[in-house]
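A quick write-up on the structure given underneath.
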Amino acid sequence: MNAPENNAAALHARLFTLDTHSDTPTAGFLRAGWDFGARHSYADDHSQVDLPRMRGAVDAMVFAVYVGQMSRTPEGWRAAHERALRCFERTQAVLQEHRGECGLALTAGDGLALKAAGKRAIYLSVENSYSLGREAGNVEKFKKLGVRILGLTHMLSNDVADSSTDPRGPEWGGLSPFGREIVAECNRLGIVLDASHASDAALRDLLALSKVPVVLSHSGCRAVCDHPRNIGDELLRALAAQGGVIEINALPVAVVEAPDGGRTAAFSEMLLRYADTVLTPAVLAAEDEDYARVSRSYPKPVATIGDYIRHIEHAVLVAGIDHVGIGCDFDGGGGVEGLNDVADFPALTQTLLNCGWSDVALTKLWGGNTLRVLRAAEALSC
Ligand SMILES: [Zn+2]
């Protein structure tokens, strides 16, 4: 008879495990000298994803090509687009370098095939459609570069949609007219739309408009933690009715409620300071320094794997087991005690089994639900 731990490990290895949001390209690949093939630790360099830690812990990750929100001018859009292209180029070079151990996945089937071949599958997403500029044609360009999930916004509103955290309040009242064009283009091309970070109104618009089920690649439940990045029960039910999936985020401020103490105002002030700036390497370096300084002044609250699971279980209760997944936001601020890097994923399975989860439920949570959405997008794509 196997010990329960061995059963959990064997089950975890058998499941197709997929995390839908990680900022590893920005935090790792674009960092000089950082090696995806070497084992790092959070204690040493704050990284949470690399190939040695993925091995045996997760089959597939969605890596985000992220560009922070800055100037919405032709010069600003050009700089943002070029930054995204550089991130794609670097990511492709890293995947090529480690092709014996991982590969780019373009379809739901690719992820399963890579697992069967003993390799990790990497899907690509865009976080913040700002990097499209004002060119709907860039959606197709990004698809050719491997993108299968497109996130509308980051923390400030852009030309596509309102963000849930823009301190200036709504600009479009949901999706912009250009945003509606982007939704149609993504539907046409089989790219899944991601409304994490977008405002409630933008998500509502998207649910009404998109022919493909929508995902929230790294979001939580407002009923568990009242944070604007999370969504309320009514929208959660609407997301499920449309066939979509919420993949649960491990960002501590959105996992547990904690006294704000000026944190939100300090971060908002920092975001707005760069809102009209054109992105350059010097600006990025200054922003990184600012971010580190504000983060030191306002340490993140302590959250645990148990707190994280409360979001999963609430989402399952409201949306149903077919509409919840995992999207920890590793390398982008996510991580709680007990679930602080990819190597902790087997512990999540173990903890859920201890809570009474079935194999079938875990199969859906860990990847089955998100694969269904990818397949739905593929079926519609031209
Ligand atoms: Zn994010």
Side-chain angles (χ1 to χ4, degrees), residues 18-30 46-49 61-70 80 83-84 87 91 123-132 142 147-158 160-167 192-200 202-203 206 214-222 225 227-231 239 244-255 263-264 267-268 270-271 274-275 279 284 287-288 291-292 294-295 300 303 308 311 325-336 339-342 370:
L18 164 67
D19 176 286
T20 53
H21 190 88
S22 168
D23 283 299
T24 311
T26 306
F29 303 165
L30 289 172
H46 280 184
S47 76
Q48 294 166 298
V49 182
M61 307 272 305
V62 181
F63 282 173
V65 169
Y66 158 79
V67 178
Q69 188 59 50
M70 293 192 189
R83 164 82 176 169
C87 191
T91 300
Y123 290 91
L124 295 183
S125 68
V126 159
E127 180 166 37
N128 196 1
S129 294
Y130 172 49
S131 63
L132 292 171
F142 283 181
V147 170
R148 292 298 180 270
I149 300 178
L150 186 100
L152 300 176
T153 74
H154 192 236
M155 292 179 74
L156 297 178
S157 301
N158 60 22
V160 169
D162 290 337
S163 167
S164 61
T165 48
D166 195 315
V192 175
L193 286 140
D194 175 5
S196 273
H197 288 286
S199 71
D200 286 3
L203 173 56
L206 186 54
V214 166
V215 298
L216 301 171
S217 70
H218 56 306
S219 291
C221 303
R222 215 172 276 169
C225 174
H227 187 284
R229 279 279 284 103
N230 293 337
I231 68 161
L239 175 81
V245 178
I246 178 173
E247 290 107 352
I248 303 294
N249 187 8
L251 187 75
V253 290
V255 172
R263 156 186 268 274
T264 304
F267 275 100
S268 296
M270 188 194 78
L271 288 172
Y274 292 95
L279 195 158
L284 272 181
E287 194 197 25
D288 278 354
Y291 184 83
V294 177
S295 300
K300 57 190 180 188
Y308 179 80
H311 286 265
I326 302 293
C328 283
D329 202 5
F330 285 147
D331 288 338
V336 295
L339 184 62
N340 199 40
D341 70 7
V342 280
T370 302

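Any value given below was found using the heavy atoms of this structure, including those in side chains, with hydrogens, waters and symmetry copies removed. As the structure lists them, so they are numbered: ligands from 1, and atoms in each ligand from 1.
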(message) Nearest N/O/S atom of H218 with respect to the Zn ion (ligand 1), by atom name, please.
(response) NE2
(request) Enter the distance from H21:NE2 to D329:CG here, rounded to the nearest 0.5 Å. (result) 4.5 Å
(message) Please give the atom name: the N, O or S atom of E127 nearest to the Zn ion (ligand 1).
(response) OE2
(request) Taking the side chain as every heavy atom from C-beta outward, state whether D194 and S125 have any atom pair closer than 4.5 Å. (result) no
(message) With heavy-atom distances below 4.5 Å as the criterion, would you say the side chains of S295 and F267 are in contact?
(response) yes
(request) Give a yes or no on whether H197 keeps an N, O or S atom under 2.8 Å from the Zn ion (ligand 1). (result) yes
(request) Return yes if a side-chain donor-acceptor contact under 3.5 Å exists between H227 and R222, otherwise no. (result) no
